[in-house]
Amino acid sequence: MPAETTLDDRAPAVPAEAVAPLIRGVAVVRQLTEAGGTLSLSGLERATGLARSTVDRITATLARMGYVRLDGRDTVLTPRIMELGNAYLAALRLPALLDARADALADELDESVSLAVADRDGIRFIHQATRRRAMSLSFRIGDLLPAERTAPGPLFATEWTDRDWARWRERRAADPEDRSFPAVPPRSSSSPSPDFEGAAVLARENGWALDDQLIEPGLTAVSVPVRDPRTGAIACVASVVSHTSRHTAADLRNTLLPRLRAAVEAMEEDLRAAPRPDPVAAPSGLATWTGASKQELGREFVESLARGLTVLTAFGEGRAELTLTEVAQATGLARATARRALITYEHLGLVTPSGDRRFALTPRVLSLGFPPLSRTTLPSLATPHLTALAARIHESASLAILVGTDIQYTARVTTGRVMSVNVAVGTRFPAYATALGRVLLSDAPPTTVRNALAALRPLTPHTPTDPGALSAALERVRSQGYALADEELEAGLRSLAVPVRDRTGRVVAALNTATHVARRPAEEYVADILPELLTTAGLIEADLRVAGRFTRVARS
């Protein structure tokens, strides 16, 4: 059974006005998501049942949109596709309003805390505050779990209609091993079925629910609903998750439940006090871009797929519910084109009517590539761009972060030159003697800079040892936007570096390339290489802005 196939997916016939290429494109993205973000073209052909020529055209279109990259015979999801899930999360607003409370609770308890919403007869995570331990949780933002094997599930079930219960029973009968939920281990046919209906009754009476090793042995959780102050309905569910070596289910109830309830009360007050959001402008010029791409690529570009996907990005902060006219205006698409896309998405469960002729995104949008990328790291995000840079300039390319007063290499791509810079990922050097370090120190806290100035010592005859000279060098980096180091770390080594900034403008890493001073004069080196470095840094920053909007992108 394909991933995330439920009763609603099996029963309805495809509407006559649905866009077939859009349905096929969504199927390809979902299979890539289920496969962890990477699948060969032949693997996609087998998984989707589509013809190879169709798979080729779809992946070429997704690559043109920046949603995948084609790596040999493999198709790989890229951070850009997270903009689809970001549209849902921004429209929902709950992560932006509540994630700080969840993170603070995780810090207070030293346990993982999650926020989840209902997705039909399942629950889907919208925020995760996890602990770094050898025994840690692997759930990701966007993962879908069966309601009956979770602590949030019984709470959401307290609001189910008779139709919801009927759909759940039919799904359980059709998929007793939970094969349609790839985020959880399959159930053994011999394991007893949990009394989910009884758990829902208890959840209604208690106002909280427990998961005592329903997902897998050792995993426990306690959950409390966060209610919408306007309607009283459950907006999301907050959970504290642990394992039995730290907290039994009874211990969670007795020790951590009161603190979770206090945090939920604060969350509900935050929702009550939150002002109505101002609409944020949707991406513009999308219809024109898709038309131009069709003109350039011809038959290999599936314009109806690209235009359909742009419809999802019409939603967002302050645009949680849109009319057909508003969707058409936001995307630049004709009303008829936008209407057919909305009909298709409603059939696929990605969009739902919300009354007054408006439409809203559903949590299922997170199934489009978000989970495997929600724990991406800066090195993994940057490496494809470093590879392309090294191929263009025929020099090594590296990414580094600041650790104390040292730089530490976190990603690196080398070239095949006879004489090349040989540095392994994880290597550390004094920041003051490197171009990477000066970029990082130029945006570092004053205490870090003072510590670096106090640690100056000569590594070569060209290493700066005067604190005043280094301070002046850092000021030049701030004003010109790059750093050049000539034989200051090692004789014969020249390095050029530029900053990589996050969504707030803070320098989180530095990008560089290095060469031997004999290859060309410094002025020529800067003139030729600096534009390439800046372009690459811009591409990394663009991915980081998308990936880091609702997730934490680890620097290493």
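- Here the NE2-OG1 distance, from His394 to Thr415, works out to 9.0 Å after rounding to the nearest 0.5 Å.
- Applying the side chain to side chain contact (heavy atoms under 4.5 Å, CB included) test between Leu350 and each of Val365, Leu342, Val311, Leu366 identifies Val365 as the sole match.
- Note on residues 87-102: pairs passing side chain to side chain donor-acceptor pair (under 3.5 Å), not counting sequence neighbours, are Arg101-Asp270.
- For Arg503, there are no salt bridge (charged side-chain N to carboxylate O under 4.0 Å, His left out) partners two or more places apart in sequence or in a different chain.
- For the side chain to side chain contact (heavy atoms under 4.5 Å, CB included) test, residues two or more places apart in sequence or in another chain that qualify with Thr504 are Asp502, Arg506.
- Here the straight-line distance linking atom OG1 of Thr331 with atom CH2 of Trp289 works out to 14.0 Å at 0.5 Å rounding.
- Heavy atoms only, all atoms of each residue included: Ala51 and Glu45 are closest at C-CG, 4.5 Å.
- You'll find the side chain of Tyr345 stays beyond 4.5 Å of the side chain of Thr362, heavy atoms only.
- Atoms OG1 and CZ, from Thr377 and Arg375 in turn, are 12.5 Å apart once rounded to the nearest 0.5 Å.
- Two residues are said to be in side-chain contact when any heavy atoms from C-beta on lie closer than 4.5 Å; Leu378 and Ser556 fail this criterion.
- Heavy atoms only, all atoms of each residue included: Pro95 and Phe550 are closest at CB-CD2, 3.9 Å.
- Remark: Ser239 pairs with Ser223 by the side chain to side chain donor-acceptor pair (under 3.5 Å) rule, at least two apart or across chains.
- By the ring pair (Phe, Tyr, Trp, His ring centres under 6.0 Å) test, Phe315 pairs with no residue at all, sequence neighbours left out.
- Within the structure, the salt bridge (Lys or Arg N to Asp or Glu O under 4.0 Å) test picks out the following pairs touching residues 63-79 (sequence neighbours left out): Arg64-Glu296.
- Residues Arg57 and Arg299 meet the side-chain proximity criterion, which asks for heavy atoms closer than 4.5 Å.
- Taking the side chain as every heavy atom from C-beta outward, Leu39 and Val28 never approach each other to under 4.5 Å.
- Not one N or O on the side chain of Ser380 forms a donor-acceptor pair closer than 3.5 Å with the backbone of Thr376.
- Of all heavy-atom pairs spanning Ala87 and Thr313, the tightest one is CB-CA, 4.3 Å.
- No side-chain donor from either of Thr325 and Thr323 sits under 3.5 Å from a side-chain acceptor of the other.
- In this structure, the side chains of Val498 and Tyr482 come closer than 4.5 Å at one or more pairs of heavy atoms.
- Listed by first then second residue, pairs satisfying salt bridge (Lys or Arg N to Asp or Glu O under 4.0 Å) with a partner in residues 538-556 read Asp103-Arg552, not counting sequence neighbours.
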Run Thr427 and Gln408 through side chain to side chain contact (heavy atoms under 4.5 Å, CB included) and show every step you take. CA-CA 6 Å; Thr427 300; Gln408 182 176 43; over 6 Å; no
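- Between the side chain of Asp175 and the main chain of Ser180, a donor-acceptor pair closer than 3.5 Å is present.
- The minimum heavy-atom distance linking Cys236 with Leu98 is given by the pair SG-CD1, 3.8 Å.
- Glu346 contributes no side-chain N or O that, together with a main-chain N or O of Thr352, makes up a donor-acceptor pair within less than 3.5 Å.
- Separating the CD1 atom in Ile401 from the CG atom in Leu436 is a distance of 11.5 Å, to the nearest 0.5 Å.
- In this structure, CG on Leu32 lies 7.5 Å from OG1 on Thr38, to the nearest 0.5 angstrom.
- Listed by first and then second residue, the salt bridge (Lys or Arg N to Asp or Glu O under 4.0 Å) pairs involving residues 378-393 are Arg392-Glu532 (not counting sequence neighbours).
- In this structure, Thr344 contributes its side chain and Val19 its backbone to a donor-acceptor pair below 3.5 Å.
- Of the possible donor and acceptor atoms, none in the side chain of Arg80 sits under 3.5 Å from a partner among the backbone N and O of Gly66.
- The minimum heavy-atom distance between Asp178 and Arg171, with the atom names listed, is OD1-NH1, 3.6 Å.
- Scanning for side chain to side chain donor-acceptor pair (under 3.5 Å) contacts around Thr290 gives Arg307, with sequence neighbours left out.
- A donor-acceptor pair is defined here as one N or O able to donate and one able to accept, closer than 3.5 Å; such a pair exists between the side chain of Thr33 and the backbone of Ser367.
- Within the structure, every pair that satisfies the salt bridge (Lys or Arg N to Asp or Glu O under 4.0 Å) test and touches residues 331-343, not counting sequence neighbours, is listed here: Glu17-Arg339.
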Verdict with reasoning, Thr75 to Val55, per side chain to side chain contact (heavy atoms under 4.5 Å, CB included): CA-CA 10 Å; Thr75 304; Val55 170; over 6 Å; no
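- Shown here are the side chain to side chain donor-acceptor pair (under 3.5 Å) partners of Thr61, two or more places apart in sequence or in another chain: there are none.
- With Arg149 contributing its side chain and Leu214 its backbone, the two residues share a donor-acceptor pair below 3.5 Å.
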Determine, stepwise, if the pair Arg412 / Leu386 fulfils side chain to side chain contact (heavy atoms under 4.5 Å, CB included). CA-CA 7 Å; Arg412 182 164 169 77; Leu386 298 183; 5.9 Å; no
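- In this structure the side chain of Leu361 reaches within 4.5 angstrom of the side chain of Val351, judged on heavy atoms.
- Put simply, CD1 on Ile215 and CD on Glu148 are 10.5 Å apart, with the number rounded to the nearest 0.5 Å.
- Side-chain contact between Arg364 and Arg124 is present, with at least one heavy-atom pair separated by less than 4.5 Å.
- Shown here are the side chain to side chain contact (heavy atoms under 4.5 Å, CB included) partners of Ile81, two or more places apart in sequence or in another chain: Val29, Tyr67, Leu77, Leu84, Leu373.
- Contact between Leu496 and Leu533 at its shortest, heavy atoms only, is O-CD1, 3.5 Å.
- Side chains of His385 and Leu389 form no contact here, defined as non-hydrogen atoms less than 4.5 Å apart.
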